[in-house]
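This report refers to the structure that appears directly beneath it.
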Protein chains: 2
Amino acid sequence: MAQSNAETIQSVADKVGVSTTTVSRVLNGKAETYRISKRTEERVLQTATEMGYIPNQVARGLRNKRTNTIGLIIPDISNPFFSTIARNIEINARKAGCSTILSDSQEDTQLEKESLRLLQGRKVDGLIICPVGEISAHIEPVLHKNIPLVIIDRYFPELDCTYVISDNYKGAFDAVSYLIENNHRTIACIQGRARTSVNHERVQGYRDALKKHGLPLDESLIIGESFGKKNGYIGAKILLNRTPRPTAIFSTSNLISLGAMGAILEEGLSIPDDISMISFDDQPYSDYLITPMTTIAQQTDEIGHIAFKLLETQINHEMNQDMKPRIERIVLPTKLVIRKSVKTLKK
Amino acid sequence: MAQSNAETIQSVADKVGVSTTTVSRVLNGKAETYRISKRTEERVLQTATEMGYIPNQVARGLRNKRTNTIGLIIPDISNPFFSTIARNIEINARKAGCSTILSDSQEDTQLEKESLRLLQGRKVDGLIICPVGEISAHIEPVLHKNIPLVIIDRYFPELDCTYVISDNYKGAFDAVSYLIENNHRTIACIQGRARTSVNHERVQGYRDALKKHGLPLDESLIIGESFGKKNGYIGAKILLNRTPRPTAIFSTSNLISLGAMGAILEEGLSIPDDISMISFDDQPYSDYLITPMTTIAQQTDEIGHIAFKLLETQINHEMNQDMKPRIERIVLPTKLVIRKSVKTLKK
DNA sequence: ATGAAAGCGCTAACAG
DNA sequence: CTGTTAGCGCTTTCAT
């Protein structure tokens with residue numbers, strides 16, 4: 001560490017000619033409480049400013065058992081869906097005086113597990129995690145240690161834990177219903193990572209919408225295995241070569257849609273004339289795609305904001321040894337944003 | 001903090017029946033160095049695992065004056081350009097055993113300044129900062145305190161500091177030259193935030209390309225004031241209503257381009273038939289826009305990767321009290337990705 | 001109205 | 001081969 005910044009509370013105390021105790025009290029706004037003279041207070045404050053003294057948060061953390069730090073684990077921060085969430089979490093955390101340690105799990109459960117350990121070692125006051133989502137065994141211990149925790153985007157039915165998610169089921173149901181209302185009958189679904197709640201609910205919404213409208217379910221029209229672009233490309237490539245070709249694709253993520261568009265263009269087909277499409281996740285560019293994309297928008301800003309607020313509540317309870325706050329299960333509604341990627345077929 | 005996780009090195013030592021020193025040594029892989037018996041070593045290791053002991057990094061940080069933590073300040077983490085950089089930094093940092101504290105400055109110099117203070121208080125081992133970029137006065141002290149620092153994307157000529165940036169000048173020059181080669185003569189430029197190096201160099205590249213090809217410079221064709229979407233919309237709106245209308249727009253950011261596209265569509269015009277466009281920043285969706293966008297691609301993955309490596313070098317020098325490593329100025333080439341948004345005009 | 005001293009959990013001299 | 005002890009910078013109890 002830079003030795004020129006060797007300023008400690010001691011050096012401030014020396015300069016003013018008081019004890020470290022007094023400096024600490026003043027700097028923590030407890031001058032009133034300890035009835036420190038106005039004069040002393042002012043001198044301490046001024047000297048600290050002059051010296052450019054910055055309190056050592058590492059030492060404070062050790063002493064206080066509170067680091068004013070939260071951990072954030074995200075599967076892929078370069079995905080705009082997640083980075084928007086991260087942004088809102090960081091901004092709200094900072095407002096509350098908290099720093100955010102970021103960990104990108106790269107959609108890898110093992111890395112997620114390591115991050116969890118790492119962040120515990122760093123004594124974060126709480127954790128917001130968007131889990132890879134296939135298993136939850138590694139998350140349970142965190143819960144048992146009473147470390148404040150909020151899960152976002154994906155959740156685990158078996159885990160008794162506060163979460164903030166979108167209404168994926170209804171979002172998917174609405175989307176597929178919209179396709180059906182436009183007289184589509186052969187509707188494919190490119191799914192994301194299997195055994196995640198997000199995927200499960202979106203696919204279930206798809207199934208149920210078909211069922212509700214009395215359409216048969218063809219399992220071979222459900223294809224795919226990750227939320228990435230490549231998976232979208234591969235899935236669409238396969239679907240487009242089926243006979244009869246599906247008249248519409250329901251895509252379960254923004255990245256999948258991009259990949260699928262690539263495949264569709266490559267096959268010389270056009271949206272929505274040859275094939276209709278509807279995609280989860282609204283994006284700033286959705287309006288400007290070759291065919292403006294009809295999407296299911298999630299409240300990304302709100303997810304981050306709410307997640308942090310909920311975490312903050314838990315942290316404060318924890319610190320005050322209060323009764324544990326209740327477990328919150330927040331489900332945010334989605335919204336169908338209709339553009340031009342769905343064609344109304346003739347009956 | 002969760003008291004059930006009250007495990008300290010002491011508790012491990014007690015259980016094994018050795019001193020904390022021994023446990024510390026074993027856990028830090030110094031068993032060899034201190035010639036600790038294989039048997040003791042194994043027992044310590046096993047007991048620690050059994051107890052689920054996680055070393056307290058806050059205490060280690062205080063003692064070692066090395067926190068294995070870096071600070072990352074970014075103007076807008078939700079912008080895919082920055083989030084890609086952040087991702088690469090985090091991934092490489094973690095590989096090196098470093099955690100990343102993220103700070104979103106929201107393109108606000110004041111917040112950037114506060115983040116700087118905050119991160120110093122947290123005793124980060126080093127700092128990677130993508131500055132808002134108009135002024136550098138608040139960054140100088142960091143340099144003087146010998147805190148390892150790497151600046152990315154934007155830089156300050158007056159600051160003697162390692163940086164990693166794109167060759168913005170040449171990128172812009174190439175882009176505008178390409179327009180000129182396609183016989184465009186009235187080329188507008190929607191610029192970003194004034195008084196940032198990025199903007200300055202991109203605009204300079206624009207000017208010089210015109211000059212080099214013997215075209216007159218019309219200052220009123222340079223418009224705009226931020227890198228955001230809204231600025232692109234406003235800028236394009238104004239430009240489109242000029243007579244004669246420019247035949248091409250050079251847009252200095254991905255977000256500006258999106259906004260500009262909005263304005264162009266709204267005016268009922270099409271790219272490139274009515275107006276050509278070329279944009280800084282290649283994006284996963286660039287291929288799938290209404291008109292596939294011709295872009296100037298930056299090496300985003302490399303920026304993050306190189307920035308961390310450079311920071312790591314500085315940190316290691318600092319720790320070993322070596323001579324200061326030399327200041328590196330890395331300029332990465334850009335690449336023109338030709339798609340369909342530029343029309344070849346008749347001579 | 002202020003200070004002395006203990007201790008948060010860890011590591012590194014120094015000692016044997 | 002292992003342990004004792006001091007101390008990183010801070011806050012807080014207890015004392016005055």
Side-chain angles (χ1 to χ4, degrees), chain A residues 1-3 5-45 48 51-69 120-125 319, chain B residues 1-3 5-44 48 51 53-69 120-125 319:
Chain A
M1 210 102 342
Q3 84 288 16
N5 188 26
E7 315 297 9
T8 70
I9 206 170
Q10 184 66 254
S11 58
V12 180
D14 289 351
K15 205 151 205 167
V16 185
V18 293
S19 72
T20 57
T21 311
T22 301
V23 177
S24 169
R25 284 171 176 155
V26 170
L27 261 27
N28 287 303
K30 293 179 185 162
E32 286 283 286
T33 323
Y34 289 94
R35 319 185 321 118
I36 287 166
S37 70
K38 266 271 161 278
R39 187 152 163 289
T40 307
E41 181 180 6
E42 268 163 30
R43 279 169 56 220
V44 168
L45 251 19
M51 299 176 67
Y53 169 70
I54 303 178
N56 182 331
Q57 301 298 336
V58 178
R60 295 188 81 209
L62 181 59
R63 170 69 224 219
N64 294 342
K65 304 194 157 312
R66 152 69 120 160
T67 54
N68 288 310
T69 287
Q120 284 178 66
R122 296 218 173 270
K123 298 295 167 194
V124 295
D125 296 334
M319 296 299 157
Chain B
M1 209 104 342
Q3 84 289 18
N5 188 28
E7 314 297 9
T8 70
I9 207 172
Q10 185 66 255
S11 59
V12 179
D14 289 350
K15 206 153 205 165
V16 184
V18 292
S19 73
T20 58
T21 310
T22 302
V23 176
S24 171
R25 284 169 176 159
V26 170
L27 260 28
N28 286 305
K30 293 180 183 161
E32 287 282 286
T33 323
Y34 287 94
R35 327 200 298 134
I36 287 166
S37 69
K38 266 271 159 279
R39 189 151 162 288
T40 307
E41 182 181 6
E42 269 165 30
R43 279 169 55 221
V44 168
M51 298 175 68
Y53 169 71
I54 302 178
N56 183 330
Q57 301 298 337
V58 178
R60 296 189 78 210
L62 180 59
R63 172 67 227 219
N64 294 343
K65 306 198 156 307
R66 158 65 121 168
T67 55
N68 288 310
T69 289
Q120 285 179 66
R122 297 219 173 272
K123 298 296 166 194
V124 294
D125 296 333
M319 296 299 157

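Values in this document were obtained by computation on a predicted structure and should not be read as measured data. Residue numbering restarts at 1 for every chain, and letters A, B, ... go by the order of the sequence lines.
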Taking D:dC1, C:dT2, C:dC10 as options, the one with an atom nearest any side-chain atom of A:Thr40 is C:dT2

Taking CZ from B:Arg66 and C1' from C:dG9, how many angstroms apart are they, rounded to a whole number? 19 Å

Which whole-number value in Å describes the distance from A:Ile9 CD1 to D:dT12 P? 11 Å

Side chain proximity check, A:Leu45 to A:Val26, heavy atoms < 4.5 angstrom: yes

Check this one for me: any side-chain N or O of A:Asn56 less than 4.0 Å away from OP1 or OP2 of D:dC8? no

Can you tell me if the side-chain N/O atoms of A:Asn64 get under 4.0 Å from OP1 or OP2 in C:dC8? no

So, is A:Thr8 near the phosphate of D:dG9, with a side-chain N or O under 4.0 Å from OP1 or OP2? no

Write down the distance between NZ (B:Lys65) and P (C:dA12), rounded to a whole number of angstrom. 13 Å

With a non-hydrogen cut-off below 4.0 angstrom, is B:Val58 in contact with a base, only sugar-phosphate, or nothing? nothing

Ignoring hydrogens, what is the shortest heavy-atom contact between A:Ala59 and B:Leu62? Give both atom names and the distance. CB-CD1, 3.8 Å

Under 4.0 Å between a side-chain N or O of A:Ser19 and OP1 or OP2 of C:dG3? yes

When you measure from the side chain of B:Thr20, which nucleotide among C:dT11, C:dT2, C:dA6 comes out closest? C:dT11

Kindly indicate whether the side chain of A:Leu27, heavy atoms from C-beta on, has any atom under 4.5 Å from the side chain of A:Tyr53. yes

What residue pairs, at least two apart or across chains, pass salt bridge (Lys or Arg N to Asp or Glu O under 4.0 Å) with a residue in residues 18-40 of chain B? B:Lys38-B:Glu41

Less than 4.0 angstrom between a side-chain N/O of A:Ser37 and OP1 or OP2 of C:dA1, yes or no? no

Ignoring hydrogens and geometry, is there a side-chain-to-backbone donor-acceptor pair from B:Thr20 to B:Ile9 under 3.5 Å? no

Could you check whether any side-chain heavy atom of A:Arg122 comes within less than 4.5 Å of a side-chain heavy atom of B:Asn68, counting everything from C-beta outward? yes

Take the protein atom CZ of A:Arg63 and the nucleotide atom C1' of D:dG7, then report the distance between them rounded to whole Å. 15 Å

Nearest-Å distance for atom pair CD/P, residues A:Gln10 and D:dC8: 10 Å

Closest listed nucleotide, where the reference is the side chain of B:Ile36 and the choices are C:dT11, D:dC10, D:dT2: D:dT2

Students often get this wrong, so: under 4.0 angstrom with heavy atoms, is B:Lys30 touching a base, only sugar-phosphate, or nothing? sugar-phosphate

According to side-chain hydrogen bond (donor to acceptor under 3.5 Å, both in side chains), who are the partners of B:Thr40, at least two apart in sequence or on a separate chain? B:Ser37

Rounded to the nearest 0.5 Å, what's the gap from CD on A:Glu42 to CD1 on A:Ile36? Could you check? 13.0 Å

DNA chain D nearest-nucleotide lookup for B:Ala59 and B:Gly17: closer to the 5′ end is B:Gly17

The side chain of B:Arg35 is closest to which nucleotide in this list: C:dG9, D:dG3, D:dC1? D:dC1

Would you mind reading off the distance between B:Leu62 atom CG and D:dA6 atom P, rounded to a whole angstrom? 18 Å

A:Asn64: side chain to side chain contact (heavy atoms under 4.5 Å, CB included) partners, not counting sequence neighbours: A:Arg60, A:Arg66

Taking the side chain of B:Thr22 as heavy atoms from C-beta outward, which of D:dG9, D:dT2, C:dT2 is closest to it? D:dT2

A:Asn68 CG to D:dC10 C1', in whole Å, measures 14 Å

Does the side chain of B:Val23 come within less than 4.5 Å of B:Val18's, by heavy atoms? yes

Distance, rounded to the nearest Å, where A:Lys123 contributes NZ and C:dC8 contributes P: 14 Å

To the nearest 10 degrees, how far apart in direction are the end axes of the helix from C:dA1-D:dT16 to C:dG16-D:dC1, each fit to five base pairs? 40°

Measuring from the side chain of A:Arg60 (C-beta onward, heavy atoms only), which nucleotide among C:dA4, D:dC8, D:dT11 has the closest atom? D:dT11

Please tabulate the protein-to-nucleotide N/O contacts below 3.5 Å involving nucleotides 13-16 of chain C, giving atom names and distances.
unit_1	atom_1	unit_2	atom_2	d
C:dA13	N6	B:Arg25	NH2	3.3

For the side chain of A:Thr21 and the backbone of A:Ser19, is there at least one donor-acceptor N/O pair under 3.5 Å apart? no

